[in-house]
Each structure stands twice: as structure tokens, then as C-alpha cells.
Amino acid sequence: MNRAQLDKQPADVASMFDDVASRYDLTNDILSLGQARSWRRTVAYAVAAGPGEKVLDLAAGTGTSSMAFTHHGAEVVAGDISEGMLAEGRRRHPKIDFVYADALDLPFDDETFDVVTISFGIRNVHDVDRALDEMRRVLKPGGRLVVCEFSTPTFAPFSVVYKEYLMRALPAVATAVSSNPEAYVYLAESIRAWPDQDAFAVQIRDAGFDQVKYRNLSGGIVAVHHALKP
């Protein structure tokens, strides 16, 4: 089974997600204890895609998140580097435009999109600063960036329990339900290595975005960051 390392080489990340594509959404629902659906609804609210707007959903996987952005008339492009995920997404959601899109070198012209969003994917990018630069490049002036990612629980005792769950229970559960349990060992390691909410907000601001803010979900297990391109 393939798994990425914490250097997050794109080919390794893509291959790992190819292996889990068919059962990815089911596994996430189980491992998140059903909270993943609530998180997706919050992201859709933050994106606030309106009629005629163009949305780029990066690390879109099978398109589960992308579907919500179409409900009010927005045009959605679902991008990913995993051909397995793209194939599964095209099978499930034939009306959405799925494209190969590497966050480090997006295949779009400058100022193309009203919104760029990425859920549980920026943590897997080899060079986060470069990816943020690319997202800012393809956004129109005044365009919105919405990033949903695992983060740091705000209540210290809960944070200890959560980290124990990540490193012990999560891989064990994944062994029972995932087609590639090793991918979820990487998942646990990458979450622990990811910066906290405030540090990532500073990183977004340093990439040239304005009005950076975030909202904690599930006690800080997840944070949704929102920013604007000047």
C-alpha cells in the first residue's frame, strides 16, 4: 500500500489517494464520527457561492464538497492531483467539471475565480506558501479564499485525548474500513505536524491576503479560515 511521508512529495500524495478513492468518503464519515458532513455544510456557508460566480474547489477528491457549491447557480471546477479521485468524482457527479490541478502550479489564468476553496487538502501540499500564492493569483480582486483544515483543539485536556485518538485509535479503525490503512497513519502524523489556527492565519496574511479570520469547529479539531484577495 502507498502512503505519503511528511515531505509530501506530490507523486506520493497522489498515489496514496488513488488507493483510497473508492471508500474515501465512507471512511471519513466513520473516522470523524459523522462530523464530516457538518464541517462540509459550514464550508459551503463560508464559501457562499452565488449565481454566476466561478468557484475552484481544490483537493476536491470525489466532489462531495463541490456539489454543495452548485446549489445556488455557481459554476464549479473540482481540481485534484489524484487521478483515482478524479475518476471516482466524474463517475459520481458527471455534471461537475473535474480537472487535474496541482496547487503548486494551477492550470488557470490569472484572476479567473470568485472563490478558491480547499478542504482537508492544503495540509498535504509540499509547499504551502507557493500554493497560497497560486490561489491568490487565480482569484479575482476581492475574491474569497476559504480553507478548511484539521487544527489544534482549544481545550488542553481534550487536546491530549484527541492526539491519543489520532495516533492510536484512528489507524486501528482505518484498518477495518479503509482500503489503505497506511494512508491514515500519514493522516494522523500530518495533522499533528500542522500549525495551529493563529500560525496558519499569519501564513495566509503573509501570502498577501486581507481580512483573515477563522472559525473553530468541534472544539478546534477543525478550523475554517476565510480571507480576501485585495
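Counting from 1, the numbers follow the sequence of the chain as shown.
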Which heavy atom of [X] sits nearest a heavy atom of [Y], and at what distance?
| X | Y | value |
| --- | --- | --- |
| Thr64 | Arg40 | CG2-NE, 3.3 Å |
| Ser151 | Pro153 | O-CD, 3.7 Å |
| Ile96 | Ala78 | CG2-CB, 3.9 Å |

How far does [atom1] of [X] sit from [atom2] of [Y], to the nearest 0.5 angstrom?
| X | Y | atom1 | atom2 | result |
| --- | --- | --- | --- | --- |
| Ile204 | Lys213 | CD1 | NZ | 12.5 Å |
| Ile81 | Asn124 | CD1 | CG | 8.0 Å |
| Arg192 | Thr152 | CZ | OG1 | 11.0 Å |
| Arg130 | Leu104 | CZ | CG | 5.0 Å |
| Glu149 | Ile191 | CD | CD1 | 7.5 Å |
| Tyr214 | Asp196 | OH | CG | 7.5 Å |

Connected via hydrophobic side-chain network under 4.5 Å: [X] and [Y]:
| X | Y | answer |
| --- | --- | --- |
| Trp194 | Met135 | yes |
| Val128 | Val116 | yes |
| Val147 | Val77 | yes |
| Phe155 | Leu217 | yes |
| Val146 | Ile118 | no |

Legend entry - Beyond-backbone contact of Lys8 with Val125, side-chain heavy atoms, under 4.5 angstrom: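 A side-chain contact is absent here, since even the closest heavy-atom pair is not under 4.5 Å.
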Legend entry - Side-chain heavy atoms of Leu132 within contact of Ile122, under 4.5 Å: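 A side-chain contact exists here, since the closest heavy-atom pair is under 4.5 Å.
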Legend entry - Results of ring pair (Phe, Tyr, Trp, His ring centres under 6.0 Å) for Phe108 - residues two or more places apart only: Phe113
Show me the donor-acceptor pairs within less than 3.5 Å that the side chains of residues 220-230 make with the rest of the protein, sequence neighbours left out.
unit_1	atom_1	unit_2	atom_2	d
His225	NE2	Gln197	O	3.0
Lys229	NZ	Arg136	O	2.9
Lys229	NZ	Leu139	O	2.7

Legend entry - Lys/Arg-Asp/Glu bridge criterion (N-O < 4.0 Å) met for Arg91, Glu88: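 Salt bridge between Arg91 and Glu88, a charged N being under 4.0 Å from a carboxylate O: yes.
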Check whether more than 12 heavy atoms from other residues, nucleotides or ligands sit under 6.0 Å from atom [atom1] of [X], and answer yes or no.
| X | atom1 | value |
| --- | --- | --- |
| Asp110 | CG | yes |
| Gln211 | CD | no |
| Arg215 | CZ | no |

Inset, instruction - Look at the rings of Trp39 and Phe120 and say which category their plane angle falls in: under 30° parallel, 30 to 60° tilted, over 60° perpendicular. - result: tilted
Inset, instruction - Indicate yes or no for a side-chain donor-acceptor contact from Ser15 to the backbone of Asp12 under 3.5 Å, with no hydrogens or angles considered. - result: no
Legend entry - Check: Thr112 side chain, Val138 main-chain N or O, donor-acceptor pair, under 3.5 Å: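 No.
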Legend entry - side-chain contact (heavy atoms from CB on, under 4.5 Å) between Phe98 and Met85, worked out: CA-CA 10 Å; Phe98 284 87; Met85 287 288 195; over 6 Å; no
Could you tabulate the donor-acceptor pairs under 3.5 Å formed by side-chain atoms of residues 43-61, not counting sequence neighbours?
unit_1	atom_1	unit_2	atom_2	d
Glu53	OE1	Gly50	N	2.9
Glu53	OE1	Arg144	NH2	2.9
Glu53	OE2	Arg144	NH1	3.1
Asp57	OD2	Ser65	OG	2.7
Asp57	OD2	Ser66	N	3.3
Asp57	OD2	Ser66	OG	2.6

